[in-house]
Amino acid sequence: QQQVKQSPQSLIVQKGGISIINCAYENTAFDYFPWYQQFPGKGPALLIAIRPDVSEKKEGRFTISFNKSAKQFSLHIMDSQPGDSATYFCAASMNTGFQKLVFGTGTRLLVSP
Amino acid sequence: KAGVTQTPRYLIKTRGQQVTLSCSPISGHRSVSWYQQTPGQGLQFLFEYFSETQRNKGNFPGRFSGRQFSNSRSEMNVSTLELGDSALYLCASSPRAGSTNEKLFFGSGTQLSVL
């Protein structure tokens with residue numbers, strides 16, 4: 001119930017294309033869903049986050065789509081660039097008053113020039 | 001403003017030894033969390049500290065422990081190291097505790113190799 005399932009494990013997209021990464025969860029107590037981006041040798045950095053009271057959030061080329069009934073959410077990267085090549089993690093947390101993120105297993109994205 | 005600083009960057013230990021990792025949060029941040037990252041398990045929550053108190057602990061054995069000092073700096077300790085403890089240990093800080101919607105700022109981690 002605490003798991004967040006992420007797919008695909010790896011993704012190759014051509015420059016200018018759309019990258020789509022999907023995540024699913026079981027625990028309906030989750031109420032915060034961030035996406036983190038990690039470059040080699042660096043720690044994860046928050047990219048964008050959404051709460052379940054909205055179905056979509058867009059920040060620049062990055063969009064989160066959220067389907068509460070299906071318990072799924074996804075990250076769309078529009079006009080993907082080689083600089084977007086990184087590992088992406090979805091995560092979820094509950095408003096229990098404690099800081100604890102449950103992470104997906106990660107998607108390694110490669111954007112080919 | 002300096003980011004989250006973790007030291008050392010790399011560490012090699014042998015089975016049975018113990019290790020201490022250090023984390024200095026962003027100035028003004030009072031909450032520090034630790035995560036273990038491995039290729040197989042991904043990122044897993046270890047524990048969270050706020051005001052020198054452990055507020056939450058993940059599903060790890062008692063060999064994993066931590067503490068936080070009055071200046072918010074944190075250390076984590078792993079005793080009786082096992083091969084499976086080889087991982088990237090990440091520290092994250094946030095301005096305050098009590099809200100899971102807080103943005104976490106991660107350090108670059110300490111890469112621990114157990115031989």
Side-chain angles (χ1 to χ4, degrees), chain A residues 1-10 21 23-25 27-54 57 59 62 64 66 86-108, chain B residues 3-6 9-10 21 23-26 29-51 53-60 66 68 74 87-111:
Chain A
Q1 274 235 323
Q2 288 292 319
Q3 281 187 323
V4 176
K5 295 181 180 179
Q6 184 172 347
S7 63
Q9 196 172 19
S10 61
I21 305 170
C23 285
Y25 63 97
N27 193 336
T28 55
F30 287 142
D31 70 343
Y32 176 65
F33 301 89
W35 284 88
Y36 280 80
Q37 178 188 56
Q38 185 178 29
F39 291 105
K42 299 291 185 183
L46 180 66
L47 194 59
I48 186 172
I50 197 168
R51 300 198 54 177
D53 51 350
V54 297
K57 183 174 181 180
E59 288 185 4
F62 301 91
I64 299 179
F66 189 85
T87 300
Y88 293 81
F89 294 92
C90 62
S93 64
M94 292 180 278
N95 190 17
T96 57
F98 300 113
Q99 289 271 9
K100 178 183 176 181
L101 286 172
V102 178
F103 282 89
T105 50
T107 296
R108 185 171 290 186
Chain B
V4 177
T5 304
Q6 291 188 246
R9 186 70 180 89
Y10 302 94
L21 312 181
C23 171
S24 293
I26 292 173
H29 286 196
R30 298 174 61 195
S31 174
V32 173
S33 302
W34 289 88
Y35 288 80
Q36 181 196 63
Q37 184 175 14
T38 59
Q41 299 294 320
L43 285 127
Q44 292 188 291
F45 174 80
L46 279 157
F47 24 65
E48 179 204 357
Y49 286 88
F50 181 79
S51 292
T53 301
Q54 185 181 93
R55 289 174 49 84
N56 199 4
K57 183 174 168 63
N59 189 24
F60 279 83
Q68 187 181 33
S74 177
L88 179 67
Y89 290 88
L90 292 161
C91 168
S93 75
S94 62
R96 50 186 183 271
S99 169
T100 53
N101 294 343
E102 282 288 336
K103 178 178 179 178
L104 292 184
F105 294 82
F106 282 87
S108 295
T110 293
Q111 184 67 54

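Computation of the quantities below employed the complete heavy-atom set of this structure, encompassing side-chain atoms and omitting hydrogens, waters and symmetry-equivalent molecules. Sequence lines set the chain letters: A, B, ... in the order given, protein chains first and strands last, and positions in each chain run from 1.
For chain A, the nearby parts of B:L43 are the backbone and the side chain; heavy atoms of each come within less than 4.5 Å. Interface remark: B:Q111 contributes no atoms to any contact with chain A (heavy atom separation under 4.5 Å). Neither the backbone nor the side chain of A:Q6 comes within contact range of chain B; no heavy atoms are under 4.5 Å apart.
By the ring-ring contact (aromatic ring centres under 6.0 Å, His included) test, A:F89 pairs with no residue at all, sequence neighbours left out. A:K42 meets the salt bridge (Lys or Arg N to Asp or Glu O under 4.0 Å) test with no other residue; sequence neighbours excluded.
Under the 3.5 Å distance criterion, the side-chain polar atoms of A:T107 are matched with a main-chain donor or acceptor of A:P8.
The candidate with the highest count of non-hydrogen atom pairs below 4.5 Å against chain A, out of B:G109, B:S108, B:G42, is B:S108.
Under the 3.5 Å distance criterion, with hydrogens and angles disregarded, a donor-acceptor pair is assigned to the side chains of B:E48 and B:S31.
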